[in-house]
Amino acid sequence: MTDLSSTIEARFRDALAKAFGDEHRATDPLVRLSTDERFGDYQANVAMSLAKTLGAKPRDVAASIVAALDAADLFERVEIAGPGFINLTLTNDALGRRVEAMHEDERLGVEPAPRERIVVDYSGPNVAKEMHVGHLRSTCIGDAIARVLRFLGHDVIGQNHLGDWGTQFGMLIEYLMESGGAVSREIGDLNAFYQEAKRRFDGDPEFAERARLRVVALQRGDAETLELWRTLVDASKRYFDTIYERLDIDRSLLEYRGESAYNDDLDDVIRGLDEAGLLRESEGALVVYPQGFKGRDGEPLPMIVRKRDAGYLYATTDLAAARYRLNVLGATRVIYVTDARQSQHFAMLFQTLREAGWAGPNIRLDHVPFGTILGPDRKPFKTRSGDVVRLGEVIDEAEERAYAIVAEKNPSMPEEEKRRVAHVVGVGALKYADLASERIRDYVFDWNRMLSLDGNTAPYLQNAYVRIRSIFRKADADGIAYEGFGRVKIVEEAERALALKLLQLPAVVRGVAESLEPHRLCNYLYELASAYHRFYERCPVLSADDETRRSRLRLCDVTARTLKTGLELLGIATVEQM
RNA sequence: GCCCCGAUAGCUCAGGGGAUAGAGCGUCCGCCUCCUAAGCGGAAGGUCGCAGGUUCGAAUCCUGCUCGGGGCACCA
């Protein structure tokens, strides 16, 4: 079954064609959710905009559309109001039948999109460095986007573009050799290792020289050096995996493919740019000048692809990675989830890929920028001493704070269960706070707000789910039968509002895949949970008569699945009790 | 200097051509013999940064400005 908004839109396109000629099938009927219940459930606003081109009065246009509209099985009322709004009220019967169809559908009415291979580049921490809050947003937003696209049926490859190459590895490997060659220490103290190496490098010119030679050895593929490099990379991956696991990041969507994977392609990138006629030399460096960019001096802004000392940069690696994703993996869409400060870099990168002919007109390249996490002082989130906040410590605190709340609200819960719930609630709250506001904006990190049980938070949504599950536990305990559930009868206003909200899921998921804005899904789930809570207050389920009970249990069940699925798409788990 | 992003209730944020702009927190007032009150209802609170413009209609689109953040050659 086509989802509700698409169905309504299609009806209006038919009506427009019938009333004003076939060419008007292409006119957007401007079907929107009504802002006020007095204006019905949906409204079509096309009459006002069409009146001018048709040279008719808007209300007459509206009347013609309504006369041509096939409304029989769908709308209770179709009313023309104000300057020419067409207000639509769905029949309770249509709502009930659509909720039943949604309930029967494993995908909750979300139809698969035409399958595309899509690469999503996110997380991207640096080898031999600890992850910090700066990595949280890319990791959570990227994971959510990858999950949504997969749910829509796409072939999604998440790639972790690790910072696993570069001059700093000379220093790290040299220091590793000095300190015995083994990373036996299980990398909770990667930062310490990095900083010790840096201190050695800064404080001892003789060591610094050895580090520089070590870079050369690494680049020419010296076996012993490479092995130590691999030791560092592997140890770091083990550490990243522990963080990803604690954050409930879907590792089946995220493969490690660091910068080093493209080392052998970099010469060829330069050659390709040359063949495309884009390569220029400037002050000893090799650069390209993508169209439309100016520097401080008003002159064309170069993107440097090879340094004066013949070294390569992230632009080169990014070009190589993009070529790999397009040519080898066959992606038709590549999505980069990085902070907003890199916007210009990606704009230049995309422009270069277009000009080189490496990304054709049918390839979508998206930069998904996001703002900074701010502390309570509205400055970038740091510890009191001004250091970066370690991601592991943030997760610890999220779980501790959630544990304290769970223990207070539900003291009789077994200890192990409390720990599990604290994890799900704490990490869910942390991730949800990151996803819930428009991602381009900076957001203020606030433990109390994100863990609040009121408002647009993960715990509020998780609790709505828990309350539903609680009803089913009681039903099972009391031996109340509900197999097959029965028809969904919409009677009460709260049932109606809940049904309407449920049926919006497909349009919301599609919108997220298009805009790459997970906060839209958050808003939807919050509205759904609110609608459910109102239903819960006003509509007793188990104490109702059998027919009503079966109907309401079915509403409960489809709501629970929608909440659970929606939260899963955000990378957030649910629990049965909390 | 140029470019990008932001500005909506006291605070934190939704809404991004459509009717009288919403939520949570905070403040005030109500609601548990009843499926989790981790909930619900109500009240109070807004020149949607400023000024123009486009439009039947602008918080939403355009231009300029103010304020804040970010970027602008060998780091990523």
Side-chain angles (χ1 to χ4, degrees), chain A residues 30 32 34-36 38-39 43 45 48-49 51-52 58 81-85 87 124 126 161 163 166-168 259 282-287 292-298 301-309 311-315 317-318 338-345 347 369 371-372 374 378-380 405-406 408-410 425 436-438 440-444 446 448-449 451-457 459-460 462-464 466-475 477-478 480 494 519-520 522-523 526-527 530 532-534 536-544 552-553 556 577-578:
Chain A
L30 301 173
R32 303 282 184 267
S34 291
T35 49
D36 188 309
R38 285 171 308 145
F39 306 141
Q43 57 181 239
N45 300 333
M48 282 94 76
S49 55
K52 179 151 285 180
F85 297 105
N87 292 337
N126 293 314
H161 196 72
T167 50
Q168 75 276 22
E259 296 171 346
S282 172
E283 300 175 31
L286 295 178
V287 307
F293 297 91
K294 280 188 194 145
R296 209 185 290 275
D297 50 10
L301 186 63
M303 187 167 76
I304 300 174
V305 292
R306 206 184 76 178
K307 295 190 284 183
R308 198 169 4 209
D309 68 3
Y312 295 115
L313 306 95
Y314 71 129
T317 311
D318 278 339
T338 77
D339 72 279
R341 286 176 302 199
Q342 296 186 47
S343 292
Q344 183 172 266
H345 165 66
T372 308
L374 305 176
R378 298 217 66 139
K379 295 201 172 121
I405 296 169
V406 172
E408 186 204 326
K409 302 283 185 189
N410 217 335
V425 172
S437 65
E438 208 180 354
I440 191 65
R441 296 167 54 122
D442 297 344
Y443 83 90
V444 178
D446 183 332
N448 290 332
R449 198 163 47 243
L451 281 161
S452 166
L453 305 316
D454 295 301
N456 189 9
T457 67
Y460 178 86
Q462 288 165 327
N463 180 51
V466 161
R467 290 178 102 184
I468 300 175
R469 297 305 308 152
S470 173
I471 292 177
F472 282 96
R473 264 197 311 280
K474 185 154 194 324
D478 294 354
I480 293 171
H519 83 279
R520 295 189 186 203
C522 296
N523 285 338
Y526 175 56
E527 287 165 6
S530 301
Y532 180 77
H533 278 134
R534 283 192 285 275
Y536 182 92
E537 292 288 326
R538 292 167 181 69
C539 302
V541 176
L542 297 179
S543 59
R552 287 182 178 169
L553 278 168
C556 286
Q577 297 181 57
M578 60 191 275

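This one's a predicted model, so the numbers in the text were calculated from it and none came from an experiment. Residue numbers begin at 1 in each chain, while the letters A, B, ... track the order of the sequences.
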Taking any strand in view, what nucleotide pairs with [N] in a Watson-Crick or G-U wobble way, both distances under 3.5 Å?
| N | result |
| --- | --- |
| G1(B) | C72(B) |
| U33(B) | none |
| C25(B) | G10(B) |
| C65(B) | G49(B) |
| U55(B) | none |

Among the nucleotides [options], which one has an atom lying closest to any side-chain atom of [X]?
| X | options | answer |
| --- | --- | --- |
| Asp454(A) | C35(B), G39(B), A19(B) | G39(B) |
| Asn523(A) | C35(B), G15(B), A23(B) | G15(B) |
| Arg534(A) | G41(B), G18(B), C35(B) | G41(B) |
| Arg449(A) | A73(B), G6(B), U12(B) | U12(B) |
| Val444(A) | A19(B), U12(B), A14(B) | U12(B) |
| Arg378(A) | C35(B), C13(B), A19(B) | C13(B) |
| Val541(A) | C40(B), C35(B), G39(B) | C35(B) |
| Tyr443(A) | G41(B), A73(B), C13(B) | C13(B) |

Measuring to OP1 and OP2 of [N], would you say a side-chain N or O of [X] lies under 4.0 angstrom away?
| X | N | value |
| --- | --- | --- |
| Arg32(A) | A19(B) | no |
| His519(A) | G15(B) | yes |
| Tyr460(A) | C40(B) | yes |
| Arg473(A) | C35(B) | no |
| His533(A) | C40(B) | yes |

Does C5(B) sit syn or anti, given that only angles within 90° of 0 count as syn? anti
Give one of base, sugar-phosphate or nothing for [X], where a contact means two heavy atoms less than 4.0 Å apart.
| X | answer |
| --- | --- |
| Ser49(A) | base |
| Ser437(A) | sugar-phosphate |
| Arg538(A) | sugar-phosphate |
| Pro302(A) | base |

Protein-nucleotide distance ([X], atom [atom1]; [N], atom [atom2]), rounded to Å:
| X | N | atom1 | atom2 | result |
| --- | --- | --- | --- | --- |
| Asp478(A) | C35(B) | CG | P | 10 Å |
| Asn448(A) | G24(B) | CG | C1' | 14 Å |
| Gln462(A) | G39(B) | CD | P | 13 Å |
| Leu553(A) | C35(B) | CG | P | 15 Å |
| Glu283(A) | A73(B) | CD | C1' | 7 Å |
| Ile304(A) | A73(B) | CD1 | C1' | 4 Å |

Tyr314(A) or Phe39(A), whichever maps to the more 5' nucleotide of RNA chain B: Phe39(A)
Starting at the 5' end of RNA chain B, which residue's closest nucleotide do you reach first, Ala81(A) or Ser530(A)? Ala81(A)
How are the rings of Tyr460(A) and His533(A) set to each other: parallel, tilted or perpendicular (split at 30° and 60°)? perpendicular
Taking all non-hydrogen atoms of both residues, which atom of Ser343(A) and which atom of Pro369(A) are closest, and how far apart? OG-CB, 4.0 Å
Atom pairs under 3.5 Å: protein N/O with N/O of nucleotides 68-72 of chain B:
residue : atom : partner   : partner atom : Å
C72(B)  : N4   : Arg296(A) : NH1          : 3.4

Between His345(A) and Asp318(A), is there a side-chain heavy-atom distance shorter than 4.5 Å? yes
Residue pair Asn463(A) / Leu453(A), side-chain heavy-atom distance below 4.5 Å: no
Does the aromatic ring of Phe85(A) sit over the six-membered base ring of G18(B), closer than 5.5 Å centre to centre and tilted less than 30°? no
Say you pick atom P in U12(B) and the same atom in C72(B); how far apart are they, in whole Å? 29 Å
P spacing across the pair G64(B) / G1(B), given as an integer number of angstrom: 15 Å
Step through the shown structure and confirm whether more than 12 heavy atoms of other residues, nucleotides or ligands are within 6.0 Å of CZ on Arg473(A). yes
Answer yes or no: side-chain N or O of Asn87(A) and base N or O of A19(B) forming a donor-acceptor pair under 3.5 Å. yes
At less than 3.5 Å, do the side-chain atoms of Ser34(A) and the base atoms of A19(B) form a donor-acceptor pair? no
